[in-house]
Amino acid sequence: MKLYIDGQWVDSSSGETIEKYNPVTGEVLGKFPAATKEDVDRAIDAAEEAFEAWNEMGSVARSKILYRARELIEKDRGELEQLLMNENGKILKEAKEEVDGVIDQIQYYAEFARKINGEVVEGANSTRKIFQYKVPYGIVVALTPWNFPAGMVARKLAPALLTGNTVVLKPSSDTPFTAEWLVKKFIEAGVPKGVLNLVTGKGSEIGDYIVSHRKVSVVTMTGSTATGQRIMEKASKNMAKLILELGGKAPFIVWKDADIKNAIKTLIWAKFWNAGQSCIAAERLYIHEDIFENFLDRFVKAASRLRVGDPREADMGPLINKGAVQTTEKFVKDAVSDGAQVLLGGSRPNLPGKLANGYFFQPTILSNVKQGDEIFQEEVFGPVLGAMPVSDFDDAIRKANDSKYGLASYLFTKDPNLMFTAFEKVRFGELYVNMPGPEASQGYHTGFRLTGQAGEGSRYGIEEYVKVKNIYIDYSGRELHINTVRDDLVQ
Ligand SMILES: NC(=O)C1=CN([C@@H]2O[C@H](COP(=O)(O)OP(=O)(O)OC[C@H]3O[C@@H](n4cnc5c(N)ncnc54)[C@H](OP(=O)(O)O)[C@@H]3O)[C@@H](O)[C@H]2O)C=CC1
Ligand SMILES: O=C(O)[C@H](O)CO
C-alpha cells in the first residue's frame, strides 16, 4: 500500500511501514506506510493548491464524479466486502450492508448538487442587500474509525467533496486498506489531483500535527471521546471547525407492554451488530420489573444461539484487535467484582484451527448491575451488556439520561403517552422507538454531552461543510450619508 499525495501513489518519505493484523486469525494481513510530517505537509499543500479550481467547478460537475464513484464501487463491491471481512472481521451480511450504506450515502450527498443555497437578506433599505453565500471551508481533514471503515470514509468524503472542499483523509491504523480501496475508486471516477489525498500512520504520531496545521479549516473525526477531546485542544490553535462523532452508551428500555419478540430481535441486533463495536450499540438494558426475568431468560436463550467464528458463516465475528479483547475481558472482570452475575458468556470462545488466534469474545449478558457501576457508565464497545430492572418510567428516563454520552437510545412500548414523554425527555441525539437502527443518510447523526460536536447525514450534516459568507451591497449609486462622518469633510 502507498500514500496518495498530489495525484501520486508514493511511499512514506521515511520508508517506514506499520503492520496490520487480520482479526480473524491474528496473522499479519499487510503493511501500510507510516506517513511523516513532511508527507502531511505535502498532502495539505496539494489540497490547498487544488482548492480553487475544485470550488470553481461547481456542484453539478462534482456530483457527476461522485455518481461515477458510486457506480465503480457498486461494480466491484464484492472486493470491498471481502476486504471488510478480512480487515475488520465483519460477517458477510454486515459487510454487504456496509457496502449498501456506502453506495446510498454517496448517492444521497451527490443529490445535493444545486441544492445548497444561500439567501438574499434585506439591508437597511431597499437598495441595500446582504447576500449570504454558502461556501466551502477549504481543506478538510477526515479522521475515520475502524468499526465502519468504508461507511465512515464515504460519510465524510462525499459531503466534503460535493460542497467544494478538498480533503486529506487519515484512516484508522486498524483499517487502512479499505480506505485505500475507496480512494482508488474516487480517483478513477475523476477526482482531480490534489483534491483528495490519503495519508496513513499512527494517530498518536501524526494526529496532533495534522489537526493543528494552520492550513486546515475543518477536522471531521469519528472515534473515541478521549481522542476527540485531544483534537479539540490541538485544533484550537488554528480554530478549525470540528465535526466530532464520539462515544456512546445507549440505553435500551423495554416497558411491560412491549412486543417482546420485536424487542429481543432488536436487542440482538443493537448489542451484537459488528460484535458490539458501534457507537449506537445497546450498552445499558433497563427492563420493566414485571417482565424482567422472562425477558432476560428469552434474551439469553436467543443470544446463546449466536454462532461466533469465521465471518463467512458466523452470526458474529471477532473484535478489531488484541487490545479490544483485553479491554472487554477487563470490563467483565470489573463488573463481576462490582457484584454482577454472568448469565451468558464472559470469556473468549474456544475456536478451532487458525481462529484460535483470532480476537473473538463471546456474547455476554450480565445482571445485578447498578447504575453507578463502570459497566453502566463507561463505553464497552464489545459484545457485553448489563441489565437492570426498573419500575417507574420517569426513573427509567432519568437513569437513561444519566450518562456522559448521548448518541443513541432505544424504547420498546406500545403506550403513546410513554412514547411522547420519552420524545420530550430523552437527552440523546437519536431515539429508536420499537425499531432497530442504524441511522439513515437522511437522518442527522449527532449526540449530546461527550458524544461530540456537530453531526453527519441529512441537510444539517452536509451544511457542516459550508460556511456562510456575507456580502453587503448598496447599489443605489447615491452619495452615502454616514451618521458619524460629517458630510463636509469630503469635498
Ligand atoms: N464513535 C465510534 O463510532 C467509534 C468509537 N471508538 C471508541 O474508541 C475506542 C478506541 O478505538 P480507537 O481506534 O483507538 O479510536 P481513536 O479515537 O483512537 O481513533 C479514531 C481515529 O482517530 C485517529 N487518531 C488517534 N489519535 C489521534 C490524534 N491524537 N489526533 C488525530 N487523530 C487521532 C485514529 O488513528 P489511529 O488508528 O492511527 O490511532 C483513528 O483514525 C473504541 O474502543 C471505542 O470506544 C472507536 C471507533 C469508532
Ligand atoms: O459510528 C458508528 O458506530 C456508526 O455511525 C454506526 O451507527
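Note that this is a predicted model, so its numbers are computed, not measured. Counting convention: from 1, in listed order, for ligands and their atoms alike.
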**Student:** When only distance counts, is S278 in polar contact with ligand 2, meaning an N/O pair under 3.5 Å?
**Tutor:** no
**Student:** Give yes or no for whether the N/O distance cutoff of 3.5 Å, strictly under, is met between T227 and ligand 1.
**Tutor:** yes
**Student:** Write out the residue and atom name of the closest protein heavy atom to atom 29 (N) of ligand 1, then the distance separating them to 0.1 Å.
**Tutor:** D208 OD1, 3.4 Å
**Student:** Here's one to test your reading of the geometry: is the NZ or CZ of K399 within 45 degrees of the ring axis of F376 and under 6.0 Å from its centre?
**Tutor:** no
**Student:** Strictly less than 4.0 Å: does any protein heavy-atom distance to atom 14 (O) of ligand 1 fall in that range?
**Tutor:** no
**Student:** Say whether T36 and S14, considering side chains only, have a donor N or O and an acceptor N or O under 3.5 Å apart.
**Tutor:** no
**Student:** Is it the case that ligand 1 has an N or O less than 3.5 angstrom from some N or O of G203?
**Tutor:** yes
**Student:** Do D174 and ligand 1 have an N or O pair less than 3.5 Å apart?
**Tutor:** no
**Student:** Look up atom 19 (O) of ligand 1 and tell me if a protein heavy atom lies less than 4.0 Å from it?
**Tutor:** no
**Student:** Ligand 1 and S224, any nitrogen or oxygen pair closer than 3.5 angstrom?
**Tutor:** yes
**Student:** Is L246 close to ligand 1, meaning an N/O of one under 3.5 Å from an N/O of the other?
**Tutor:** yes
**Student:** Please say whether N147 places an N or O atom under 3.5 Å from an N or O atom belonging to ligand 2.
**Tutor:** yes
**Student:** Backbone or side chain, does any N or O of R155 fall under 3.5 Å from an N or O of ligand 2?
**Tutor:** yes
**Student:** Is it true that the NZ or CZ of K265 lies under 6.0 Å from the centre of W269's six-membered ring and within 45 degrees of the ring axis?
**Tutor:** no
**Student:** When you measure from atom 3 (O) of ligand 2 to every protein heavy atom, which one gives the shortest distance, and what is it?
**Tutor:** C279 N, 2.7 Å
**Student:** Short N/O distance, under 3.5 Å, between Q277 and ligand 2?
**Tutor:** no
**Student:** Looking at atom 7 (O) of ligand 2, what's its closest protein heavy atom, distance included?
**Tutor:** E439 OE1, 2.8 Å
